Structure formats: structure tokens, C-alpha cells
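Just so we're clear, the structure is a prediction, and the values are computed from it rather than from any experiment.
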Amino acid sequence: MTTQVSTLAPPARRTGVAVSVHDIPNLDPPVPYTPATAEGATGLPEIILPSGHTVLHLTRYDDVLKVLTDPTFGRKDTNVDGGPSFQPTTMPPDLLLNLDTPDHARMKSFVNADYSPAGVEKLKGSVQRILDRRIALLRRAEIPDLFATVLDRLPIEVNAGFLGIPESDIDYFRPSSRVVQLSHDTDIPDLLANFWLVYHYVTDLVQQKRPVTQGGLIDRFLSTRGEAEPPLSDDELVAILLGSVLGADQNVLSVLAKAVYVLVQAPALWTLLAEEPSVAPQLVEELLRVLPLGTISTFPRIATREVRLRDAVIPEGALVYADAFAANRDPGTFPQPELVDPFRNGKRHLQFGYGMHHCMGASLARMEITTTLVRLATEFPNLRLDTEPAAVPWDSGVLLRRPTSLPVRW
């Protein structure tokens with residue numbers, strides 16, 4: 001298995017364009033765990049999760065990659081009442097992120113083609129049409145806010161069209177999607193009420209109690225569910241689609257908003273993107289490497305067998321947090337890891353996970369983010385943040401963290 005980046009030909013190198021994430025205020029999230037010991041009985045660091053469980057904390061790239069690609073590290077048995085978790089509640093067991101082999105492979109193979117690079121390429125025209133409309137609104141705004149006018153609506157409108165969800169439904173379920181991904185523990189009844197609103201909404205779509213657009217993904221999944229072996233149940237379809245309704249909106253928006261937040265404070269990178277759009281794929285990969293999605297980067301796992309790492313052994317039954325965020329900044333793998341350098345060569349980042357639990361929507365996210373950044377740099381080559389970074393408000397939660405306003409000038 002290789003972890004090398006794609007074979008895209010890199011653009012001609014420019015010097016002096018890299019920016020340090022340490023120079024971008026408020027970018028990194030608060031630590032979501034409590035350190036326990038720098039070296040436990042296994043020789044590995046240990047941390048305490050919000051659930052109170054002590055887990056092994058893996059931060060080196062090679063160690064994290066090994067756990068992510070080893071299907072014997074299970075997710076299913078962590079998603080139980082009283083289980084090890086960063087979240088205050090359990091989740092439906094059929095969600096892809098909670099499944100182990102072979103159930104995971106059966107469900108994910110059903111959607112792989114639609115979420116492949118070729119499958120999402122046809123949505124690029126939709127992204128451009130939404131940007132046409134939203135950029136026109138931004139140009140007319142008295143106080144231009146790039147987040148509120150352009151970024152906030154882009155992922156949900158793209159995804160609604162992709163799935164075949166009526167645009168008139170968006171304002172019904174989307175506020176609850178945000179609450180679910182924030183996953184705060186301050187009001188559990190409210191969190192659960194919002195979760196079940198979204199869950200029951202998607203259930204109604206699957207059970208055809210609400211209309212869907214003919215030819216959209218939901219309509220096609222309902223028509224082809226019997227091709228899976230055995231056929232997908234309603235609950236399994238709901239689980240697949242719930243992941244898309246939440247992730248292809250809230251998660252894409254979080255990374256897109258943070259990418260823009262970085263670039264409007266990095267004039268050299270923005271100018272490079274405006275003058276050489278071919279750099280966009282490499283720049284997006286580098287931003288994905290350094291930008292955490294929320295306050296966590298993966299979910300806890302349980303070792304179902306003894307696993308040997310380079311310098312330690314994970315015993316059977318151990319709880320493990322394979323920290324992809326830390327691995328993406330491992331200086332042993334990424335020299336000067338704090339630098340956003342679009343000309344960086346080396347191993348692939350782990351933002352989207354790896355192996356069995358590689359993010360279903362990774363190609364969709366890449367396409368949307370790349371298309372949007374290129375378009376914005378083309379339209380606004382002198383775009384800058386029009387407020388002090390300290391004044392930018394943020395949403396900050398377990399599964400999403402992003403600015404919620406980006407006043408700009410050009």
C-alpha cells in the first residue's frame with residue numbers, strides 16, 4: 001500500500017508564499033481531552049476522553065495510519081451507552097462511521113460510484129451556477145460578508161440538488177444539522193431533539209412520505225437498493241443518507257470556511273491562486289492537511305487483537321485514539337508541518353481518514369472547495385479580510401469548527 005500523493009504535475013515553485021498556521025489567529029481548536037500520562041504501561045501516551053475513559057493517544061503519522069488501515073480496530077463496540085466517546089450521546093448503529101467489517105463494506109460499496117471523483121464531477125456545473133448567483137449578491141452588498149452571502153449556502157444547495165431534496169425543505173432541517181454536528185453537552189435533550197428531527201426527516205424521504213426529485217440520488221438509491229446483497233433496509237438507507245445530509249453540508253462548509261479564512265490573511269497564497277489557478281489542487285490538499293474539522297479528527301477504536309507499532313505494542317482490548325490531526329502535523333513526516341506550502345511533496349494527509357473508514361464524501365469536498373477557491377480568486381484577486389481576526393465569530397463544537405462571518409473587501 002502506498003501513501004504517496006497523486007501524480008498531478010506540480011506547478012512551478014514560487015518562493016516565499018508559505019504561511020504558518022501559527023500566524024492565523026484562532027485557527028486551531030481547543031484540546032478535546034485531558035492528558036493523563038506521557039508514557040503509560042504500553043510506552044504510549046494516554047489521555048482521558050470526555051466520557052471518562054483512558055485511551056492510548058497515537059500522534060505519529062505511521063502509527064495513526066496503521067490503526068486507520070487495520071480493520072481489526074473496531075468502532076461498533078464504542079458506540080454503546082457508557083462507551084468511550086468524545087460525544088455526549090450514542091449514534092445510530094447503522095451509520096457508516098460506526099460499522100465494522102463486513103457490514104461497512106457492503107453498505108459503502110453501494111454508494112462508492114456516486115461519490116467517486118467521476119461521480120461528483122458532474123456537480124461542478126451546479127457549484128458554478130450557485131456561485132454565479134451568490135457572488136452577484138456579494139458584489140451588491142453594502143457590507144460584504146463572504147460567509148453569510150456565499151459560503152454558507154453553497155454546500156447545502158449543492159447537496160440538496162445532488163440528493164434530490166426540495167430546496168424548500170432546507171430551512172426546516174438545516175438548523176438542526178448544525179446543532180447535531182456541534183454536539184455540545186450543555187443541553188442533551190435539545191441535542192437529541194435536533195438529532196431526531198433530522199433523522200426522522202431523512203426517514204420520511206426514504207419511506208416516501210416526503211417528495212424527492214426524480215433522478216436525484218435518493219430516488220436512484222430507492223430504485224437500486226435491491227442490488228445490494230442482501231438488499232438495503234430502510235434503516236440502512238437512512239444511515240447512509242443521514243451521513244450525507246450532515247457531512248456534505250456542515251463538514252464541507254467547515255473546511256471551506258476555514259480555508260478561506262486562512263487565505264484572506266495570506267496575500268502571497270491568494271495572489272498565487274489568482275495568478276496560477278493550476279496550483280489549486282495542491283493548495284487545497286495542503287489546507288486539508290493542516291485544518292482540523294472540529295475539535296476531534298477521528299473516533300475512538302478498540303483493538304480486537306494485539307498490534308505491534310514501531311516502538312510499542314497495543315494490547316488486545318485497548319482503547320485507542322488515532323489522532324489524524326496530530327499525524328498531519330507530524331514533523332517526522334511533514335517537515336515544518338505548521339507551514340501551508342502548496343509545493344509540499346510527500347505522503348498523503350489523513351484529513352479524510354484512511355482505509356475502511358475513508359470519508360465517503362472526500363471527492364465531493366475536494367471538488368467543491370477547489371472550484372470555489374479558484375472562482376473566488378479569479379473574481380476577487382485582491383480579496384482581504386475586512387476586520388481584525390480577533391473580531392471574527394466562530395462556531396466551535398465536536399464535529400465542526402468554523403468562522404460564522406467573514407467581512408471582506410476587494
Side-chain angles (χ1 to χ4, degrees), residues 1 32-33 44 46-59 63-112 115 180-181 183 195 199 228 232-233 235-247 250-251 292-307 309 314-327 350-362 397-400:
M1 177 182 63
Y33 52 78
L44 295 167
E46 296 179 354
I47 58 174
I48 302 172
L49 303 183
S51 62
H53 295 79
T54 299
V55 305
L56 303 180
H57 186 205
L58 305 185
T59 59
D63 293 343
V64 171
L65 180 66
K66 186 161 189 174
V67 170
L68 296 182
T69 54
D70 187 339
T72 65
F73 284 91
R75 279 283 306 137
K76 181 179 179 180
D77 290 337
T78 69
N79 184 46
V80 296
D81 289 335
S85 181
F86 288 99
Q87 296 175 277
T89 64
T90 58
M91 297 173 283
D94 286 330
L95 290 182
L96 283 171
L97 60 87
N98 294 323
L99 293 178
D100 297 329
T101 188
D103 299 317
H104 185 279
R106 168 177 161 267
M107 288 177 62
K108 195 170 184 183
S109 64
F110 182 75
V111 304
N112 275 343
Y115 283 91
V180 170
Q181 294 301 82
S183 198
F195 173 82
Y199 187 89
L232 294 179
S233 67
D235 286 347
E236 289 173 326
L237 275 180
V238 169
I240 290 171
L241 292 168
L242 182 68
S244 179
V245 166
L246 295 173
Q250 297 296 322
N251 295 5
L293 181 60
T295 57
I296 68 170
S297 56
T298 62
F299 294 92
R301 288 165 165 80
I302 298 176
T304 61
R305 65 178 179 89
E306 182 180 279
V307 175
L309 305 178
I314 298 176
E316 180 180 351
L319 303 176
V320 179
Y321 176 46
D323 192 340
F325 175 48
L350 304 178
Q351 169 71 272
F352 293 121
Y354 217 100
M356 178 173 66
H357 285 286
H358 184 262
C359 175
M360 179 177 82
V398 176
L399 301 175
L400 69 79

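- Closest heavy-atom contact between S51 and P84: OG-CA, 3.5 Å.
- How far CG of N79 is from CG of N98: 4.0 Å, rounded to the nearest 0.5 Å.
- Remark: D70 pairs with R305 by the salt bridge (charged side-chain N to carboxylate O under 4.0 Å, His left out) rule, at least two apart or across chains.
- Y115 meets the side-chain hydrogen bond (donor to acceptor under 3.5 Å, both in side chains) test with S244; sequence neighbours excluded.
- You'll find the side chain of F110 reaches within 4.5 Å of the side chain of L237, heavy atoms only.
- Taking all atoms of both residues into account, the shortest heavy-atom contact from M360 to V111 is SD-CG2, 3.4 Å.
- M91 places a side-chain heavy atom less than 4.5 Å from the side chain of L97.
- Contact annotation: the side chain of M356 never approaches that of K108 to less than 4.5 Å [non-hydrogen atoms, C-beta and beyond].
- Listed by first then second residue, pairs satisfying salt bridge (charged side-chain N to carboxylate O under 4.0 Å, His left out) with a partner in residues 74-98 number zero, not counting sequence neighbours.
- Counting heavy atoms from C-beta outward, I314 and L44 have side chains that approach closer than 4.5 Å.
- Closest heavy-atom contact between P92 and Y199: CG-CE1, 3.9 Å.
- Residues satisfying the side-chain hydrogen bond (donor to acceptor under 3.5 Å, both in side chains) test with Q181, not counting sequence neighbours, are N251.
- Closest of all the heavy-atom pairs between A239 and L95 is O-CD2, 3.5 Å.
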Counting only pairs under 3.5 Å, give me each side-chain donor-acceptor contact of residues 296-304, with atom names and distances, residues two or more places apart or in other chains.
residue	atom	partner	partner atom	Å
S297	OG	Y321	OH	3.3
S297	OG	D323	OD1	3.1
S297	OG	A324	N	3.0
S297	OG	F325	N	3.1
T298	OG1	A322	O	2.6
R301	NH1	F299	O	3.2
T304	OG1	T72	O	2.5

Q.
Could you walk me through whether T59 and V64 satisfy the side-chain contact (heavy atoms from CB on, under 4.5 Å) test, starting with their C-alpha distance in whole Å, then the side-chain angles of each, then the deciding distance to 0.1 Å, before giving a yes or no?
A. CA-CA 6 Å; T59 59; V64 171; 5.7 Å; no
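- Between V398 and S183, the shortest heavy-atom distance links the atoms CG2-O, 3.6 Å.
- For H53, the ring pair (Phe, Tyr, Trp, His ring centres under 6.0 Å) criterion is met by no residue, not counting sequence neighbours.
- Contact record, L56 with A318: CD1-CB, 4.0 Å, taken as the closest heavy-atom pair.
- Two residues are said to be in side-chain contact when any heavy atoms from C-beta on lie closer than 4.5 Å; Q87 and L399 meet this criterion.
- Contact of the V307 side chain with the F73 side chain is registered, since non-hydrogen atoms from C-beta on lie closer than 4.5 Å.
- Once rounded to the nearest 0.5 Å, the distance linking CG of L96 with NE2 of H357 reads 8.5 Å.
- The shortest distance between side-chain heavy atoms of S85 and P50 does not fall below 4.5 Å.
- Taking 4.5 Å as the limit, some side-chain heavy atom of Q351 sits within range of a side-chain heavy atom of L293.
- The CG atom of D103 sits 7.0 Å away from the CZ atom of R106 when rounded to the nearest 0.5 Å.
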